[in-house]
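The structure displayed is predicted, hence computed values, not measured ones. Letters A, B, ... are given to chains in the order of the sequence lines, protein chains preceding strands, and every chain is numbered from 1.
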Amino acid sequence: MSSSHELASTFSPAEIEAPLYEKWIKAGYFTADAQSSKPAFSIVLPPPNVTGVLHIGHALDQTLQDCLSRMKRMQGFEVLWLPGMDHAGIATQNVVEKQLAAGGKSRHDLGREEFVKKVWQWKEESGGAILGQMKRLGVSVDWTRERFTMDEGMSKAVVTIFKRMHDAGLIYRAERIINWCPRCLTALSDIEVEHQDDAGEFVSVRYGEGEQSIVVATTRPETMMGDGAVAVHPDDPRYKHMIGTEVLLPLVNRMIPIIADELVDPDFGTGAVKVTAAHDPNDFEMAMRHNVPFVVIMNEHGVMDGTGTEFDGMDRFDARKAVVAKLKEMGRVVSEKRPYIHAVGHCSRCETTIEPRLSKQWFVKVEPMAKAAADAVRNGLVKIEPEELAPRYFDWVDNMHDWCISRQLWWGHRIPVWYGPNGEVKVIGSDETAPAGWTQDPDVLDTWFSSGQWAFSTFGWPEKSADLAKFYPTSVLVTGYDILFFWVVRMMMMSTFAMDGVPPFKTIMLHGLVRDQFGKKMSKSRGNVIDPIEFMDKYGADALRFTLARGANPGTDQALAEDWIGGSRNFATKLWNATRFAMMNGATVEGDLPPLENLNEIDKWILSRWSQTCLQVTELLENYEFARACETLYHFAWDDLCDWYLELSKETFASGDAAHSQRVLGYVLDQLFRVMHPVMPFITEQLWTALTGQESLVTAQWPKADSSHVDKKAEELVSQLQEIITEVRRFRNDQGLKTSLKIPGRFIAPAHIAKYASAMAFVVRMELGDITASAKCEAAGVVVEFDLTGSIDVVAERQRLEKDLATASKDKQTAEVKLNNQGFMAKAPENVVVEIRERLEKTTSDIARITAALAGLPKA
RNA sequence: GGGUGGUUAGCUCAGUGGUAGAGCGUCUCGUUUACACCGAGAAUGUCGGGGGUUCGAAACCCUCACCGCCCA
């Protein structure tokens with residue numbers, strides 16, 4: 001073996017990770033071949049926003065995708081994992097505007113063209129940082145196919161699909177109440193609005209005079225000047241006689257009708273509500289039904305405008321106070337409740353309170369697309385994992401409102417609609433040019449309109465590309481449940497529309513969010529944010545990946561703490577040291593595995609354990625059960641392999657006659673590294689190449705569990721050896737015998753166990769020989785005698801035995817209760833009854849043995 | 001208000017009908033031919049409360065309480 005294959009005596013991830021990643025890229029392992037005859041496996045990476053840095057949620061998302069990609073690659077699939085980034089319209093524009101603001105400028109100072117140029121510049125820097133962080137994590141993406149939602153190809157695709165949807169009647173322009181952010185000065189879709197409980201006020205105001213008056217209750221008194229009616233429930237006896245009459249609207253002295261609408265809840269407030277058609281979505285609906293006029297009283301900045309009153313020019317919140325004060329002065333305020341806690345919408349990007357605003361915008365008619373998206377899942381064409389999350393999906397797609405897609409921003413795909421001098425409106429396709437003198441719609445499209453195309457445009461659509469043919473639909477979408485509605489639903493809708501009814505993925509695999517060690521949401525204000533880069537620096541990428549994958553139970557959030565990552569690093573170190581030890585002892589992958597019948601039981605046992613572990617882990621990974629897969633690997637590697645197999649084999653290795661075990665150990669490590677590689681790619685690559693002398697695990701074959709290795713007899717034997725060893729260790733511990741002290745002793749055991757006496761003796765520091773026994777312990781039917789040269793700690797030994805006796809007695813009792821229960825005997829299945837009978841027998845003989853041992857102890 | 005997930009060891013979580021588990025933490029001991037980022041041993045639970053189904057319930061059903069998330 002050449003010196004390059006030797007392992008350093010200590011494991012330092014920082015030294016191996018970067019060079020290995022470079023090696024993989026150089027070798028082109030991650031570059032997919034659309035012409036390949038292998039079956040395809042494809043994933044599109046949920047594109048991170050260019051605004052950000054890689055956060056721990058990305059690290060989780062990408063780790064899981066990398067696990068799948070690497071496993072599938074090893075299983076012989078042609079794997080394409082396509083990376084890229086999202087231009088994140090409003091978020092990015094906000095970031096760059098903030099930078100400008102620091103220099104005292106606004107985007108208007110630069111003008112549209114200059115500003116967009118500036119954003120592109122910024123994108124280059126920020127995007128580069130994210131890519132570097134992804135490489136750090138070890139992602140096996142195909143960098144040659146990297147995309148950006150605003151690159152040339154995707155821009156063309158956006159225009160193309162806009163036109164197609166428009167032609168199909170799925171895109172229309174209308175004046176509607178939309179969510180408006182008075183700070184960002186743009187329309188927002190429903191999902192860009194976050195509802196929070198705010199402390200507002202609830203004011204009851206008397207409209208009209210004398211007999212002809214009615215008290216309305218509202219949280220937004222400042223909008224009353226825009227009222228077009230007062231609405232009551234049609235069956236409300238308090239107001240029935242007033243329906244159809246008019247009342248005086250104070251402040252503006254306008255007469256407005258009292259209308260009846262089922263939407264009004266008679267139990268809410270006074271049962272009478274103001275109808276402000278231009279400033280509230282519910283009122284808008286009612287107004288449409290009853291022909292109530294739309295009175296706009298606020299401008300785009302949320303400043304009162306056009307009321308013709310003293311309030312014009314006031315900010316909406318100032319106006320609220322002023323209006324109430326004025327109404328009080330007029331004696332019109334009947335009651336006030338303050339604070340009044342109620343849900344209020346906020347801009348998800350800047351937290352400004354949303355202002356519902358009447359405005360002309362572009363919309364997607366979602367109904368037919370949403371139905372197709374829902375049907376794809378209902379018909380089983382697309383599977384949601386874990387399936388418990390499917391109801392949430394249906395809840396959303398079945399009740400979706402039309403989607404407002406125009407944004408009054410500069411950063412994004414400009415809406416491909418042009419307006420002629422005589423009011424003509426035309427969508428201009430990517431291969432068309434607008435007639436001279438026409439002007440383009442100044443607005444851009446919602447970011448999700450372009451990222452909704454991520455699963456097909458990235459493959460070259462609308463061209464009939466080879467990638468599209470080979471890799472669409474993608475195999476699985478891996479993403480957090482938090483963007484199920486934002487993104488996943490939109491991809492389902494747009495892909496299914498564009499790709500003739502073929503949905504974009506076969507499976508949607510949803511994971512949860514990463515939280516802090518107490519399960520709290522990470523946030524800057526809490527100061528509990530975990531930076532993946534910091535922890536990769538400290539513990540290595542493998543440790544972070546393993547921790548994240550190990551915590552990834554399907555669809556649930558996971559807590560994460562530095563200690564957990566440290567634990568995974570310890571695990572990596574354990575693997576490193578175990579491999580060093582194995583190689584020092586001649587572990588090898590040369591030649592065939594010896595015939596099973598030539599192996600000792602310990603070798604057979606580890607092969608049996610591995611065969612089952614390999615099968616389980618493969619199945620678990622295929623089923624997206626990352627946490628359980630990692631747990632299974634962890635316990636195989638640490639417990640079975642390191643704590644038992646290596647320990648039990650030390651004597652064999654020391655004996656010099658270990659050729660079979662060397663080959664078995666080499667085989668198990670070889671296979672283990674393959675199966676662990678998807679989760680911990682760096683360390684496994686390093687160890688495996690050192691062990692095997694081969695080129696790379698990335699392109700190695702995924703092992704197939706060998707069921708002929710399953711050996712229940714060997715497992716039974718080793719479990720007995722474990723029992724005996726544990727018992728001796730316990731005895732030694734209780735007797736306070738130093739580990740360094742070798743104790744003379746012997747095993748009184750049947751031949752098949754006696755065969756492993758020296759292996760056990762090695763582990764428990766016993767010197768085998770003929771002795772004069774002065775103490776003994778017993779387990780698995782084997783008596784172990786020791787020569788303690790007369791003196792044992794009788795008190796400690798009595799305690800130990802009494803404890804065993806108590807345990808055995810309790811177990812015996814529970815077994816007896818069951819066996820004496822007629823119902824149990826009559827109805828429990830045979831195998832359970834047998835098991836309980838055996839337990840009774842064992843506990844009975846244990847009790848006899850322990851009792852005898854206690855009696856045999858000298859009096860204290 | 002509607003939906004939905006949860007409540008298991010000090011903490012974070014597995015565990016879909018047959019003697020309660022893991023990681024971390026805690027305690028005791030220990031440098032023995034990989035590893036102190038280690039080894040050995042140990043302690044710790046009326047599985048949220050109450051009711052029901054069952055021979056048998058952490059698990060299934062009902063109900064209550066509390067926590068969380070999504071939507072309005």
> Under 4.0 Å between a side-chain N/O of A:Lys650 and OP1 or OP2 of B:U32, yes or no?
Replying inline: no
[options]: which one has an atom nearest the side-chain heavy atoms of [X]?
X: A:Arg729; options: B:G18, B:A40, B:A22; value: B:A40
X: A:Thr726; options: B:G18, B:G41, B:U33; value: B:G41
X: A:Arg730; options: B:A34, B:C24, B:A42; value: B:A42
X: A:Asn733; options: B:A40, B:C70, B:C35; value: B:A40
X: A:Asn570; options: B:C37, B:A34, B:A43; value: B:C37
X: A:Arg765; options: B:U32, B:C70, B:C35; value: B:U32
X: A:Asp811; options: B:G30, B:U32, B:U19; value: B:U19
X: A:Met584; options: B:A34, B:U19, B:A72; value: B:A34

>> If we count only N and O atoms by modelled type, under 3.5 Å, do the side chains of A:Thr547 and A:Ser568 hold a donor and an acceptor together?
In response: yes
> Cut-off 3.5 Å, side chains only: do A:Arg580 and A:Asn577 have a donor facing an acceptor?
Replying inline: yes
Geometric cation-pi criterion, [X] with [Y]: 6.0 Å, 45°:
X: A:Lys650; Y: A:Phe581; result: yes
X: A:Arg490; Y: A:Trp403; result: yes
X: A:Arg609; Y: A:Phe636; result: no
X: A:Arg729; Y: A:Trp644; result: yes
X: A:Arg392; Y: A:Tyr481; result: yes

> Which of residues 573-582 of chain A have a heavy atom under 4.0 Å from RNA chain B?
Replying inline: A:Thr573, A:Lys574, A:Asn577, A:Ala578, A:Arg580, A:Phe581
> Do any of residues 629-641 of chain A sit with a heavy atom less than 4.0 Å from RNA chain B, and if so which?
Replying inline: A:Glu631, A:Tyr634, A:His635, A:Trp638
For [X], answer base if it contacts any base atom (sugar-phosphate contacts may also be present), sugar-phosphate if it contacts only those atoms, and nothing otherwise; contact means non-hydrogen atoms under 4.0 Å.
X: A:Arg839; answer: base
X: A:Phe485; answer: sugar-phosphate
X: A:Asp643; answer: sugar-phosphate

> With Watson-Crick and G-U wobble geometry limited to distances under 3.5 Å, how should the secondary structure of RNA chain B be encoded in dot-bracket form, using | for bases paired to another strand and [ ] for crossing pairs?
Replying inline: ((((((((.[[[[.)..(..]]]].(((((.......))))).....[[[[[..)....]]]]]))))))).
> Can you give one letter per nucleotide of nucleotides 3-14 of chain B, going 5' to 3': B for a protein heavy atom under 4.0 Å from the base, S for sugar-phosphate only, - for none?
Replying inline: --------SSSS
>> Under a 4.0 Å threshold between the charged nitrogen and the carboxylate oxygen, would A:Arg839 count as salt-bridged to A:Glu835?
In response: yes
>> Holding to ring pair (Phe, Tyr, Trp, His ring centres under 6.0 Å), I want the full list of residues that pass it with A:Phe824, two or more places apart in sequence or in another chain.
In response: none
> Quick one: ring pair (Phe, Tyr, Trp, His ring centres under 6.0 Å) partners of A:Phe626, sequence neighbours excluded?
Replying inline: none
> Only one of A:Arg800, A:Arg732, A:Gln722 forms a side chain to side chain donor-acceptor pair (under 3.5 Å) with A:Glu727, so which one is it?
Replying inline: A:Arg800
>> With rounding to the closest Å, how many angstrom separate the C1' atoms on B:A22 and B:G45?
In response: 14 Å
